2 protein chains.
Amino acid sequence: MPTNAARELNPLCEVLQIVGAKWGFPVIAELYKGPQRFNKLQRAIRNINKQSLTDTLRLLEQNGVVRREVFPTVPVTVEYSLTEKGRDFHTVIEAMNLWAAKWGIRH
Amino acid sequence: MPTNAARELNPLCEVLQIVGAKWGFPVIAELYKGPQRFNKLQRAIRNINKQSLTDTLRLLEQNGVVRREVFPTVPVTVEYSLTEKGRDFHTVIEAMNLWAAKWGIRH
DNA sequence: CAGCATCCAAAAGGATACTG
DNA sequence: CAGTATCCTTTTGGATGCTG
């Protein structure tokens, strides 16, 4: 994640935190497919481990991008989904894709 | 910078490399003001050191966002400026700003 | 002036094992 | 199932000094 220096560039800091987080995009991309439980997310995202997944979900939750819901089954079930704010994030992703497509990879 | 995992999400990988780099935004922001020499950039960007500035400029240069021009004065003068691709990057920045403004910091 | 080489400190990432 | 705790490895960042 971009640390202090970049974070001083408000109000971009929040966006940079999200897009700069190593697993932010993969998690968001996966949740676009629909609500998912913790273990399902972990299996879906190649090479992520519990710790990293937990950290990323907490970060996105704090930024209001992801919602966490606990169902009191046994064992407990936890479902993660995108909030409205999270779904609206596609505007940013699209802008990135457009720019990347317009200019291509490498020059 | 977001590392391997995020980078597999082509064609976003290039964008993530740029926005995820700790000093990417500060350098681009500074160059929007116009072409600048190495030392001028370093003085303008709070707390960046030669090494980090060099690394960031090389990264942006490789991505075709920044142009490097050497003038054979003594001592040598090197000027950095944004390419057309680099200036067009404001479309991405704007999308980020819009999203951030729409949803605010924290929730 | 514009860097590169080196070195060190700090942070991030990841593996594993354990728990309610 | 969904984590937390711990430990360890790797990567990054920054400071400093040297050079064409």
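Convention: sequence-line order gives letters A, B, ...; per-chain numbering from 1. Please read all numbers here as calculations on a predicted model, not as lab measurements.
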Counting only side-chain heavy atoms from C-beta out, which of [options] sits nearest to [X]?
X: B:Val78; options: D:dA2, C:dG3, C:dC1; result: C:dG3
X: B:Tyr80; options: D:dG20, D:dG14, C:dG3; result: C:dG3
X: A:Phe38; options: D:dA2, C:dC1, C:dA2; result: D:dA2

Please check the phosphate of [N] (OP1 and OP2 only) for any side-chain N or O of [X] closer than 4.0 Å.
X: A:Trp23; N: C:dG14; answer: yes
X: A:Arg37; N: D:dG3; answer: no
X: B:Ser52; N: D:dG14; answer: yes
X: B:Thr54; N: C:dG3; answer: no
X: B:Arg68; N: C:dA2; answer: no

Using whole Å, what does the distance between atom [atom2] of nucleotide [N] and atom [atom1] of [X] come to?
X: B:Leu53; N: C:dG3; atom1: CG; atom2: P; answer: 8 Å
X: A:Lys50; N: C:dC18; atom1: NZ; atom2: P; answer: 14 Å
X: B:Asn47; N: D:dT12; atom1: CG; atom2: C1'; answer: 16 Å
X: A:Leu57; N: D:dC1; atom1: CG; atom2: C1'; answer: 14 Å
X: B:Gln51; N: C:dC4; atom1: CD; atom2: P; answer: 8 Å
X: A:Ile48; N: C:dA15; atom1: CD1; atom2: P; answer: 11 Å
X: A:Asn49; N: C:dC18; atom1: CG; atom2: C1'; answer: 15 Å
X: A:Phe71; N: D:dA2; atom1: CZ; atom2: P; answer: 11 Å

Worksheet entry | side chain to side chain contact (heavy atoms under 4.5 Å, CB included) partner of B:Val65, chosen from B:Asp88, B:Val27, B:Leu82 |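 When B:Asp88, B:Val27, B:Leu82 are each tested with B:Val65, the side chain to side chain contact (heavy atoms under 4.5 Å, CB included) holds only for B:Leu82.
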
Discussion item. When you compare the side chains of A:Asp55 and A:Ser52, does any donor N or O come within less than 3.5 Å of an acceptor on the partner?
Written reply: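 Not at all, the side chains of A:Asp55 and A:Ser52 share no donor-acceptor pair under 3.5 Å.
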
Worksheet item: Going by the angle between their ring planes, with limits at 30° and 60°, are A:Phe89 and B:Trp99 parallel, tilted or perpendicular?
Response: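 Rings of A:Phe89 and B:Trp99: perpendicular, as their planes differ by over 60°.
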
Practice prompt. Kindly compute the distance separating CD1 (A:Ile93) from CD1 (A:Ile28), expressed to the nearest 0.5 Å.
Written response: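 Answer for the CD1-CD1 pair, A:Ile93 versus A:Ile28, is 6.0 Å.
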
Discussion item. Whether A:Glu84 and A:Arg87 form a salt bridge (side-chain N of Lys/Arg under 4.0 Å from carboxylate O of Asp/Glu) is what I want to check.
Written reply: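 The answer is no: the pair does not qualify as a salt bridge.
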
